[in-house]
Amino acid sequence: MPIESQESPIQLLGLPQDNNASYLSGPSMAPARIREAFFCDSANLWTETGFDLSDQKLWQDAGDVALYGKARSDAFELIHSTITKLIKSGHQVLSLGGDHSVSFPAISAHAENHEGLSILHIDAHPDLYDDMQGNPHSHASPFARLMESGRIDRLVQVGIRTLNGHQREQAARFGVEIHEMRDLSGVASIRFDGPVYLSLDIDALDPAFAPGVSHYEPGGLSTRAVLDIIHNFDGQLIGADIVELNPHRDPGNITAMVAAKFTKEIMGRLLMDRK
Ligand code: MN
Ligand code: MN
């Protein structure tokens with residue numbers, strides 16, 4: 001259903017959940033910190049691509065999904081139903097996590113409404129564990145669950161630098177296309193035919209650029225390299241999430257500013273790709 005032209009096409013949605021993290025809590029505080037950084041007077045609200053995000057006809061803050069104190073399955077159901085509703089009313093959804101587990105219900109909702117969905121997943125970690133610490137829905141497994149659903153056309157990963165034997169097997173089993181950190185030569189020519197969902201884990205960045213994450217994995221992407229991907233990949237972006245910012249480890253809100261910058265540029269890309 002097409003939305004009325006006076007409505008805001010993009011809905012910014014907070015997903016404050018971190019009870020599926022394997023190591024540290026903190027990402028549930030991220031949505032509020034990213035919003036603060038987004039509106040910080042130290043920067044303006046224009047995207048590099050020329051959209052003025054102070055124009056409230058372009059986007060709207062849909063607030064946070066009320067996840068506090070919810071059991072995992074109830075939280076996933078609520079994320080899924082909230083996003084489904086927004087998609088069905090013609091909106092594009094940009095979610096702010098949360099640990100990476102939130103991407104399972106968020107992407108499932110998109111896949112059910114966009115035939116032939118591909119995922120562009122930027123992360124230090126492939127998040128393909130069959131099971132970690134007895135929780136098959138932890139933040140280390142969302143892409144295993146999504147590939148098992150049979151609804152995902154392609155999973156393309158960028159920035160990976162933590163593959164172990166098990167996850168190599170999983171990647172081969174699901175046919176995942178991986179651009180490992182040690183060879184990014186194919187990234188500039190990433191191309192999709194159908195709709196694309198972007199899942200951006202902040203720990204894909206080198207900790208020097210983004211220290212506010214739970215899992216430091218040195219040797220990562222620069223902020224500019226991620227912006228280049230957001231701006232330039234060939235395909236139609238239809239939805240996205242930014243996950244794994246941990247405000248407990250973010251002195252001076254450096255990483256929150258990085259996440260806010262990505263929020264702006266992803267909004268610009270969504271506006272550009274809107275049909
Ligand atoms: Mn991740
Ligand atoms: Mn990660």
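Whatever order the structure lists ligands and atoms in, that order sets their numbers, starting from 1. Keep in mind it's a predicted model, so treat the numbers as computed, not measured.
- At a cut-off of 2.8 Å, Asp127 is counted among the residues with an N, O or S atom near the Mn ion (ligand 1).
- Separating the CD1 atom in Ile83 from the NE2 atom in His110 is a distance of 6.0 Å, to the nearest 0.5 Å.
- For His125, every N, O or S atom stays at 2.8 Å or more from the Mn ion (ligand 1).
- Within 6.0 Å of atom CD in Glu77, 12 or fewer heavy atoms from other residues, nucleotides or ligands are found, so the atom counts as exposed in its surroundings.
- The N, O or S atom of His100 lying closest to the Mn ion (ligand 1) is ND1.
- Salt-bridge check for Arg224 with Glu48: passed, with a basic side-chain N closer than 4.0 Å to an acidic carboxylate O.
- The OD2 atom of Asp201 and the OD2 atom of Asp203 subtend an angle of 100° at the Mn ion (ligand 2), given to the nearest 10 degrees.
- Looking only at its N/O/S atoms, Asp123 has OD1 as the one nearest to the Mn ion (ligand 2).
- With rounding to the nearest 0.5 Å, the separation of CG in Leu221 from CZ in Phe209 is 9.0 Å.
- Residue His139 holds its NE2 atom at 10.0 Å from CG of Asp123, rounded to the nearest 0.5 Å.
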